Each structure stands twice: as structure tokens, then as C-alpha cells.
Amino acid sequence: MNPAGGVGAVVDFQADWAGLKLPEAVREVLSAAPLVQTPETRQQLLDWALGRSSGDTDWTLGNRDDHGQYEAVFQTRGVGRIVEAVITKARNGLAINFPDPAMRRRDPDAMVIGDHLPTDKPTYEERFGEGFEKTRQQTLDWLKTQELVAMPFYAGTDALGYGSLLIVPRQAAFFAAALGDLQGMIPRSRVPADFTVTGGVLFVAPPFRHTHFGGRQVVVHERTATHQEVFAYNLYPGPSAKKGVYSMLLDIGEREGWTTNHCAAVAVVTPYENQLILMHEGASGGGKSEMTEHIHRMEDGRLLIGRNVVTHEERTLNLPEACHLRPIADDMACAHPKYQGNSGRLTVADAENGWFVRVDHIHSYGTAPNLERLCIDPPEPLIFLNHYIVPGGTCLTWEHVEDSPGKLCPNPRVILPRRMLEDILDGPQRVDVRSFGVRCPPTHRDRQLYGILAMIHVLSPALAWLWRLVAPRGHANPSIQDSKSLEMQSEGVGSYWAFATGRRVDQANLLLRQIVDTPETRYVLLPNQHIGAWKVGFMAEWIAREYLARRGSAKFGREQVREAPFPLLGYIPHQLRIEGSMIPRVFLAVEEQIQGGLDVYEEGARQWREFFARELKQFLVPELDPLGKKIIEACLDGAHQEDYRRLIPHPMFRDDG
């Protein structure tokens with residue numbers, strides 16, 4: 001350890017936490033708890049996750065004899081013994097399963113605000129009829145009686161230095177292991193002597209789900225002038241270890257004038273060694289993780305573009321060589337001011353240390369060979385969630401648990417630490433193209449819905465901002481609990497509104513400034529799942545990725561695109577040619593599909609028009625940027641494509657000044 005107080009001085013957190021400047025609630029809990037342990041290594045956390053002492057487990061892949069299984073059990077007043085999670089030793093890591101199916105994915109209504117600062121989110125008092133102060137103190141008092149894991153980490157990239165802390169009962173140490181993979185951890189003996197909490201503190205207290213909240217997921221966010229406290233009352237990492245930390249970053253950005261985008265980012269390298277950096281945004285399930293995934297091929301090497309849901313006809317594409325992918329980010333990217341230069345392009349860096357990858361699309365061996373290979377034979381043990389497992393067996397990405405007999409859980413996940421990913425790009429990267437993904441339903445004469453998007457739409461900056469305000473959740477979203485409403489739903493501003501704690505207008509203004517300040521970054525809209533009557537899965541965005549990379553920095557000529565019949569969909573290329581093969585017109589002119597036609601298209605346009613009007617009106621408040629007000633009013637007044645171009649007149653086409 002370096003001498004205390006020296007440059008780069010470090011302390012042993014477990015032994016010396018009392019000498020650090022920690023929030024009063026943290027000091028209150030740690031000073032009273034019967035045991036506080038801070039991990040030095042990742043392997044320690046994996047051992048603790050199985051209820052074992054450090055060093056008790058052989059984590060080599062060849063260990064077939066360890067059939068360990070551990071239950072995260074809590075004795076709950078008035079309820080009795082509750083098994084919140086079952087942790088199983090697999091040859092290739094840990095399999096975490098939740099007996100309650102409602103805990104296997106994020107509840108979109110989990111967040112409530114416990115403070116009295118400005119917010120558009122439901123407050124604790126509004127939902128539960130009283131202030132949070134009493135429950136907060138009860139939570140701290142309960143944690144004082146528990147053996148605890150206290151783990152320091154940085155919210156966002158380590159270089160930004162937003163110190164944060166997790167406090168979780170030791171019997172739920174798997175939660176700490178998951179957070180450590182997602183955000184990184186500061187080893188016990190290497191905590192800076194000047195460590196302070198400027199990001200947030202995450203307190204985890206699972207029994208309160210039953211004693212206070214009727215068994216539902218609840219995560220209470222309490223903001224202060226210096227940091228955020230997050231009280232997580234369930235053990236599924238999605239709304240807390242994952243999105244709770246995202247919330248901390250959004251709060252910091254709101255105070256400092258920047259944001260963390262909800263996106264994946266990838267450098268796409270063509271066979272000719274040209275590189276395009278693509279940043280793909282959208283609601284959960286909108287294709288972010290898939291944007292960094294290798295393209296899926298049929299057994300004979302062709303690409304299945306789509307299958308018609310009415311006629312069962314298939315359309316395929318021959319693509320001899322796909323682009324090489326260098327992943328940058330999977331779900332969250334910090335657009336911090338210190339990264340922005342004079343290139344005119346948005347510059348981002350991955351906000352995570354590991355990726356929370358959904359594998360619901362993998363139903364058999366060979367679907368995603370690179371990902372499957374990494375998960376079956378990883379360099380280090382991995383953490384799997386919602387996977388079927390036999391103790392001591394190999395956890396397979398295509399074997400998912402069932403929510404009920406015959407119904408697979410739609411949200412199987414694996415956490416992939418960045419260091420395990422092949423050819424990953426580190427550090428800030430300049431974005432050439434920002435895409436936005438939309439899950440579209442099958443749409444045809446017998447099912448007249450909103451799946452009218454073509455394979456690719458070119459958007460003006462003003463339209464790109466509007467799509468980020470309304471952020472449609474889309475069709476059959478697998479990442480969140482089912483909504484009973486049949487109408488189109490929004491994920492909220494930026495598609496990260498579910499994780500923000502303040503006012504939507506503040507995030508809208510930040511996103512608008514981000515777009516205005518980056519005139520050299522271009523915008524496209526990409527569907528997934530369906531294009532009209534054609535089921536395409538994520539193939540549409542993979543083909544668009546291949547096409548955009550081959551275009552490189554070349555802008556479209558105005559003569560190469562047509563105005564979409566529905567103005568909010570911008571412009572559509574007349575044709576897409578990849579390596580000499582043409583994409584069939586049915587994927588570029590949905591209104592011409594035989595199974596639908598213009599009437600079906602116009603019905604879909606009506607649904608989109610009403611959705612935009614409903615979602616945009618809530619942003620028309622005095623605090624909205626005047627330019628934003630003009631853009632929204634233009635939309636509500638039925639603006640056309642060229643009207644949107646003039647509102648933010650960045651060069652968009654080849655001949656623009």
C-alpha cells in the first residue's frame with residue numbers, strides 16, 4: 001500500500017473504510033453490521049456467490065465434479081423463508097435462476113423517486129401514500145443486522161472517476177459478482193485514499209419486496225446534491241445493478257450538461273479495410289446488442305433476408321464476405337464533454353465494463369457461432385441468468401428456463417466482461433452514423449398495424465431527434481414484463497427515460513444540443529422483426545450495417561432517395577446493392593407489398609401519427625429549447641421532409657452546402 005496521503009495513495013477498504021469520506025448512511029450501516037467483506041478479486045466474488053469461502057472452488061473448465069448449488073434465502077417477517085435466487089455451479093461459470101418468473105426481467109414501473117427534487121417520475125409518496133423516510137430508515141436498520149459485501153466501483157468509465165459503492169447481503173453475493181462484471185470493481189487493497197462517492201450508493205434489501213411492496217420489483221432512487229442513493233428491493237440485476245447505475249450517470253450528466261446514450265456502438269470494417277463507426281440506439285429489444293453481433297447465415301452460407309408470414313415465401317441474399325466487427329459499446333455510451341473535439345462528430349466511450357447480452361434468439365446450436373463458442377469455452381467463468389442448468393454441467397446459451405410449462409423465458413442473459421471480447425475497441429470513438437432501431441409487428445391486410453418501415457430510412461437531424469423523444473418500445477419486447485395495453489407504447493425520451501429520475505424536458509434538451517453540436521454525424525432508422533408482411537428478425541439491420549459500411553463516408557445524392565409516403569419516415573433509398581446483389585424492392589417499398597398495399601400502409605401511418613402526437617405534446621413546456629418547440633410544433637402541424645431539413649440545416653445529402 002502506498003503511504004496514506006501520498007500521490008496515488010491507496011487504502012484497504014475493508015480495514016480502513018472509516019477513514020474515507022463516505023456518506024452518513026453508508027457509515028451508519030457499515031459500522032453496525034456484524035461482518036463487512038470487500039472483494040480483492042473476481043474469483044472471491046464467485047466463491048461467495050456459492051456461499052463458500054475464498055479459494056474453495058476449482059473454476060477450471062475441466063472441473064466436472066463440482067455440483068454445487070446455493071440458495072439466496074431470506075427469512076421474511078410474516079412470510080417466512082423466501083428463496084430469491086438459486087445459484088448453480090456450471091463448468092463454464094454460474095447459472096442464476098429466480099424461482100419467481102416476475103423477477104426474470106425488468107418491470108418497467110420499478111422506479112420510484114424517494115426525494116423531493118423536480119421530477120416527472122412517480123414519487124414514493126404518490127405510489128405508497130407516505131414519504132420514503134420511514135422505509136429508508138427501516139432498510140438501513142435491516143442492513144445493519146446482515147453480513148454484508150461492500151464493493152467500491154466507478155459508475156461509467158474508470159477514467160471519469162465517479163466513485164460509487166454497493167452494499168448487499170453476503171448471501172446475495174452473486175449480485176455483487178454481476179455488478180462487478182458489468183461496471184468493474186476496485187480491489188479491496190487498491191481503493192484510492194481520496195475515494196469519495198460522486199456517482200452513487202446501491203443498497204440491496206430483497207425481503208422488503210414481500211413486506212412492503214406486495215412481491216413486486218421496486219427500486220427507489222433518492223438524489224442528493226452530490227450523488228444518488230439507489231435502494232433495490234429485488235435481486236434481478238436489470239433495474240438496479242444495470243439500470244440503477246445508468247440512472248446515476250444520467251443524474252450526473254443532467255447536472256454537468258451531457259448525457260449517456262442508450263446504444264450499442266461498433267466499428268464496421270469492410271473487406272476493403274474501410275471503417276465506419278455506427279452507433280445504434282433504441283428501446284430494450286431494439287437491436288442494440290445484435291448490432292455488434294456477426295451476421296447469421298443459413299447452412300449453405302446464404303442470408304435469409306425474410307420469410308413472408310402470409311405466403312411463406314423466402315427471399316435470400318448471397319454475401320460472400322461480411323464486414324469485420326470491432327465492438328465499442330453494447331448498451332450505454334458516455335458522451336462526456338471531455339471526449340468531444342472539433343470533428344463535428346459525436347464522440348462516445350463505453351460506460352460499462354461488461355455487457356448484459358440477451359440470447360433469446362439462440363434456440364439451437366450454430367445460431368450465433370462466435371457467441372456460443374465464447375460462452376461454452378470462456379477464458380474465465382461467466383455469469384448466466386435464466387438458463388436451464390444441471391449442477392456441474394455446461395450452461396448452454398440455447399437452453400432457457402421456462403416461465404410456465406412450454407413457455408420459455410424471453411429474457412435469458414449472459415454477462416460478458418469486455419476483456420473477453422475479440423478485437424474490441426477501447427476509449428472514446430467518433431461516430432459516423434447514428435441509427436435508431438424499432439421492433440415492428442407483422443403488418444398486412446389481415447393485421448393492419450404499424451410495421452410499415454422499410455429496411456432503411458435516412459433521417460434529417462430534426463426527425464432523428466423526434467424519434468429519440470418518442471422512442472417506441474415496439475412489438476413483443478422481450479426485455480420487460482408484458483404490458484396489458486394493446487396500444488403502441490413509448491420507452492420514453494432517449495429510450496433511457498425508464499432509468500432517468502428528473503424531468504423529461506431536460507433530457508430532451510440535452511439530446512437536441514447533442515445533435516445540433518455534431519453536424520457531421522448522420523442518421524438512419526432501422527426496423528427489426530418485420531418489414532410489412534415479411535419476418536426479418538435482425539437481418540434487416542445486419543444488411544443495413546453491411547450496406548452503410550460499404551458506402552463509408554459517402555453521403556446519399558438527393559436523386560438516390562425518395563421521400564417516404566409518410567413524412568416522419570424521412571427518405572428511402574431507391575435501391576440497395578451489396579456486392580452486386582440487389583435487395584428486393586418489397587423491403588424498400590412496403591406500400592407496394594401485395595399482402596398489404598397503400599391502404600394498409602396509410603393505416604400504419606395513422607397509428608404512428610397518433611402515437612407521435614400523444615408522446616410529443618408532453619414536451620411542450622416552457623423549459624423546452626425554442627428550437628425543440630419549433631420542431632415539435634412542425635410535426636404536430638403535419639410538416640413534410642424538407643420542412644424538417646430546414647429546421648436543423650446540417651449537410652445531409654451529397655450536394656448540400
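Residue numbers count from 1 along this sequence. Model, not experiment: these values are computed from the prediction.
- In this structure Tyr571 satisfies the ring pair (Phe, Tyr, Trp, His ring centres under 6.0 Å) test together with Phe653, sequence neighbours excluded.
- Taking both residues in full, the closest heavy atoms of His650 and Pro519 are given as ND1-CA, 3.3 Å, listed atom of the first, atom of the second, then distance.
- For Arg551 and Phe556, the positive end sits near the middle of the six-membered ring, less than 6.0 Å away and at most 45° from its axis.
- Rounded to the nearest 0.5 angstrom, Leu469 CG and Glu615 CD are separated by 10.0 Å.
- A donor-acceptor pair under 3.5 Å links the side-chain atoms of Thr521 to the main chain of Val431, judged by distance alone.
- The number of heavy atoms from other shown groups lying within 6.0 Å of NZ (Lys630) does not exceed 12.
- For Arg430 (side chain) and Arg345 (main-chain N/O), no donor-acceptor pair under 3.5 Å exists by modelled atom type.
- Under the 3.5 Å distance criterion, with hydrogens and angles disregarded, a donor-acceptor pair is assigned to the side chains of Asn308 and Gln595.
- Residue Cys375 is tested with Val359, Leu416, Ile362, Leu396 for a side chain to side chain contact (heavy atoms under 4.5 Å, CB included); the sole match is Leu416.
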Report task. Apply the test salt bridge (Lys or Arg N to Asp or Glu O under 4.0 Å) to residues Asp360 and Arg105: give CA-CA distance (whole Å), side-chain angles for both, the deciding distance (0.1 Å), then the verdict. Result -> CA-CA 12 Å; Asp360 64 306; Arg105 50 196 176 276; over 6 Å; no
Requested in this report: Applying side-chain contact (heavy atoms from CB on, under 4.5 Å), run through Tyr523 and Met652 and close with a yes or a no.
Outcome: CA-CA 9 Å; Tyr523 303 89; Met652 182 177 168; over 6 Å; no
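- Expressed to the nearest 0.5 Å, how far CG of Leu526 lies from CD of Glu541 amounts to 6.5 Å.
- No side-chain N or O of Gln618 forms a donor-acceptor pair with one of Asp120 less than 3.5 Å apart.
- Counted by atom type alone, Gln514 and Arg434 present one or more donor-acceptor pairs between their side chains at under 3.5 Å.
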**Report entry** side-chain contact (heavy atoms from CB on, under 4.5 Å) evaluation trace for Lys629 with Leu624
**Finding:** CA-CA 6 Å; Lys629 184 173 185 287; Leu624 181 65; 4.0 Å; yes
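- Between Arg473 and Pro108, some side-chain heavy-atom pair lies under the 4.5 Å cut-off.
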Report task. Go through the steps for Arg106 and Glu491 under the test salt bridge (Lys or Arg N to Asp or Glu O under 4.0 Å), then give the verdict. Result -> CA-CA 13 Å; Arg106 175 173 59 85; Glu491 192 82 342; 3.1 Å; yes
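- Note that the OH atom of Tyr450 and the NE2 atom of His530 stand 11.0 Å from one another [nearest 0.5 Å].
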Query raised in the report: Hey, mind stepping through Thr259 and Tyr496 against side-chain contact (heavy atoms from CB on, under 4.5 Å) and telling me if it holds?
Result: CA-CA 10 Å; Thr259 196; Tyr496 56 65; 3.1 Å; yes
Report task. Please lay out, stage by stage, how Ile543 and Leu319 fare under the test side-chain contact (heavy atoms from CB on, under 4.5 Å). Result -> CA-CA 10 Å; Ile543 291 175; Leu319 184 67; over 6 Å; no
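- Using modelled atom types, one side-chain atom of Glu372 and one backbone atom of Ala368 make a donor-acceptor pair closer than 3.5 Å.
- Ring centroid separation for the pair Tyr388 and Trp398 does not come in under the 6.0 Å cut-off.
- With hydrogens and angles ignored, the 3.5 Å screen pairs no side-chain donor or acceptor of Glu352 with any backbone N or O of Ala329.
- Judged as a salt bridge (charged side-chain N to carboxylate O under 4.0 Å, His left out), not a single pair has a partner in residues 523-540 (not counting sequence neighbours).
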